[in-house]
Structures are given as structure tokens and as C-alpha cells.
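Every value quoted in this text rests on a predicted model; they were computed, and no experiment measured them. In what follows, chains are A, B, ... by sequence order, proteins preceding strands, each numbered from 1.
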There are 2 protein chains.
Amino acid sequence: MVDKRSATPQPSAKVRILDKARQLFAEHGFDGTSLQQVADAVGMRKPSLLYHFRSKEALRESVIEELLAHWQETLPRLLAESRYGPDRFANLFDALLSFFEEEPRRARLVTRAALDHPELVRRLLREQLRPWTILLSDTINMGKASGQIREDVDAEAWVMHMISMVIGAVAVGPVSSALLTREDEEAVDWPREELVRIARTSLFAPTPLEADDG
Amino acid sequence: MVDKRSATPQPSAKVRILDKARQLFAEHGFDGTSLQQVADAVGMRKPSLLYHFRSKEALRESVIEELLAHWQETLPRLLAESRYGPDRFANLFDALLSFFEEEPRRARLVTRAALDHPELVRRLLREQLRPWTILLSDTINMGKASGQIREDVDAEAWVMHMISMVIGAVAVGPVSSALLTREDEEAVDWPREELVRIARTSLFAPTPLEADDG
DNA sequence: CCTACCGATCGGTAGG
DNA sequence: CCTACCGATCGGTAGG
């Protein structure tokens, strides 16, 4: 048995580099992270890192592409699992929210990428994500005919805003929660339910029962 | 008459530095902007810049504080101008949206600051903005009693999410609009109205008339 | 994947 | 507000 640090087989160098780079870029930004820091985190020398990625820019693009690819892989499954109707909607929105909540760095990474590299993210959104959001907005428009969905919804714009809202809310959640009133300093639990409510009430037609209550 | 570039009296050096720094930080981020670039933009040497601000970090903090101060100055006026009811609400939300739309860099700067310096922004939000958002959510809660506001609204969380949503939407608007279907490449007009609709329908109680239509 | 090394630029200081 | 200059670090290359 060889005398290396670990007995468990490691993932490939590229994967290990991407893992650490994603993490560091999300927390400190692309410009706020040096190749040296990435190399240290991975446990190799800086020039070795540049053997796997031709430049820092190439590393950035790989990180972003990988993120979108992961999403592109997850989204069809979510859409397949949850179709029409309020219940299914809840599942889908919940899945979107959970996708980012379970790893808030994802949300911060996307937000940073959108600010630092708008053209690249635009291209990836268009190529990889738009087909799915079109499918979703078509489904919403069908829901209008059956009376479940509000007539005044702009389906495409609504989907866009919801994605932006969820990512933004998760990315800066720990900051904006400073606006909530609690005397105890830290970590007020994040008002997830209100976000779900905003999404739901802006999409579904009010029932007569609901209106009578008011 | 002296032989300088301009006859119009210039604002103080500090103001000119803050102007350019705000602009550059918003577009390229704090770590993506060098003191040299700021100095060039202002038209002075780098050490002169450091005479006015003790360090790059001090410059960053001044930029952020100035932004919040500007907001703190604007917000009371907005609140005074627009009180209760759907009309007044429209004014207020519109004013918030316009505040960032007229200068999208403001939105990008806040977003970047929240990502790069969460503790600082949290502190400033709490100290400078929270009193006003409390006032606003109290007003919303009063609207519940009169039946104008939905019973299920979590006023504080709603206000927080709306602020976060508006800033996020403006900051990354040019990117997320890539999800909209238009074949022509550039600048699909940003779906502002749908954002307003999301805000309104998630806040106001549905009228019986509205429900009958569905 | 490493050692050795590059020019350029970084934030910041000394001294006037 | 300037000139002159600092050590540290940046992304990246040569060569193995």
C-alpha cells in the first residue's frame, strides 16, 4: 500500500480544482480569489493548476458552465415530477428554492457571475435554461384557460422574475434579514414561507371563497 | 481667468473620488477595481487619492455609507408622499423601483456590497433603513384591519422580500432577460409591469369582483 | 505535476 | 496634491 495521505481514491484533479474554485469564487468573487489560493485549497502548486486550466479566465468559465450544466440536469427532473395545479406548483417552486437553499453558495456564485460576466451568463441562460422556462410558461398559459391561473399573469416574465427572486433572496438572505425585527443578534430564520406565498398569490386566480373572506 | 480644463467650479476632491469609485466598484466590483484606476478616472495620482482616503478599505466603506445615506434621505420623502391605499402603494413601489432603475449601478453596487461585505451592509441596513421598513410594515398591518391587505401577508417579511426583489431584478435585469423569447438579440424591454403586478397581487386582498371574473 | 522564474501591477509609504 | 519608491503578490511561462 502506498504511503499517501488517504486510502480512498480521489476524484480527478480537474474535479477537485473545480470544487475548490467554485467554493472560493462564490465566497470571495473571481477577482477576490487568486490562483494561489485555489492551488493551496486543492493542495497543488499554482503552475500545476495552470496545466489543467489554460488560464484563470478558463477556470472561471468552466466553473460557470459546470453550474449551469448541473442545473440543466436537475431542472428536467423537477419539471417531470411536478406538473399542473397548485400542489404540483408548490413542489416545483419548493424544489427550485431548495436547490439553492441547500447550497447558498450556488446562488451567490450565479449572482456574482451575472454581475461580473453578464454576456457569458446571458449566453448560457439562453442556450441551456431557456428551453425549460419556455416549457414552464407554456404550462402556465394553459392554466389560464382552465381558470387556475390569473388572467393578468405574464407567464414568461413571471418565470423570469421568480428565478431571479429566488436566487437573489438566497444569495443575500443573511444580509437582508437585518431588516427584520428581532432583538437577538444572529440568524433570524429566513422568511421562506413569505417568499412562497408571494409566488403563489401572484400566480393563482383567487377563489370565490378566498374573496368572500376578505 | 486661470488656464485649467474647465471654467465651472469643481466639487471637492472627496466627492469626485467617491463618484468615480462608486461607478467603478459597481461595474467591476471592489476587488476588480484598482486604486490606480480610480485615480486615473478622477485625474490625480494614486498617492493623492490615499491622502483623502486612508486606505482602499476606507474608500469602500465610504462608498457604501454614502449610498445608504442617499437612500435614507430619499426614503422618508417617498413615505411621506405616499400613504395608505392601492394608489399610494403604487406610488411608493414605483418610486422604489425608479430609484434603482434610473441608476442601475446603485442596484449592482448594493448587491456586490452585500456579497463582499455582508456584516457591514447588515449593520447599515439595521441602523439606517430598518426604522423606515418597520414604519412601512406597521402601515401594512393596519391595512389588514380595513380589509385592503391580505390577511396572510407577513408584513415585515414582505417588505424585505420586495426590497431584495427590486434590487436584484434591476441589478441582474439585463442578464435574466435572456430567458425571455425574442429573436432579436439585444435589449428586450425589461418586464417592469410584471414585477409591479407580483408585488400588488401578493399584498392586496382580492376584491369579490376580481374573484367572480376567475 | 514540479521547481524556478518572469514582468506587471497591487496597495501603501516617505518626504516634500 | 506630487515624485519616487517599497515589498508583496498577481497571472502566467520555461523546462523538465
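In this structure a side-chain-to-backbone donor-acceptor pair under 3.5 Å is present from E194(B) to D154(A). The backbone N or O of A39(B) sits nowhere less than 3.5 Å from a side-chain atom of R45(B) that would complete a donor-acceptor pair.
Annotation: cation-pi pair R106(B)/F99(B) present, NZ/CZ under 6.0 Å from the ring centroid and within 45° of its normal.
Position along DNA chain D of the nearest nucleotide to P47(B) versus E57(A) favours P47(B) as the more 5'-ward residue.
Put simply, CG on L50(B) is 17 Å from P on dG15(C), counting in whole angstrom units. Distance NZ (K14(B)) to P (dC1(D)): 11 Å, rounded to an integer number of Å. Rounding to whole angstrom units, NZ of residue K46(A) and C1' of dT13(D) are separated by 11 Å. One interatomic measurement links the two molecules: CG of D40(A) to C1' of dC1(C), which rounds to 15 Å at whole-angstrom precision. The distance from atom CE of M44(A) to atom P of dC2(C) is 6 Å, rounded to the nearest whole Å. The separation between H52(A) atom NE2 and dG12(D) atom P is 16 Å, rounded to whole Å.
Heavy-atom distances under 4.0 Å link DNA chain D to T33(A), S34(A), L35(A), Q36(A) of residues 31-39 of chain A, given in residue order.
Pairing for dA14(C) is with dT3(D), a Watson-Crick or G-U wobble pair whose two hydrogen-bonding atom distances lie under 3.5 Å.
Partner T33(A) forms a side-chain contact (heavy atoms from CB on, under 4.5 Å) with one of E27(A), Q23(A), H28(A) and no other, that one being H28(A).
A donor-acceptor pair shorter than 3.5 Å cannot be found between the side chains of E156(A) and T133(A).
Ring orientation note: the planes of F25(B) and F30(B) are nearly perpendicular, at an angle over 60° on the 30°/60° scale.
Residue side chain K56(A) does not reach the base of dG12(D) through any donor-acceptor N/O pair under 3.5 Å, judged by distance alone.
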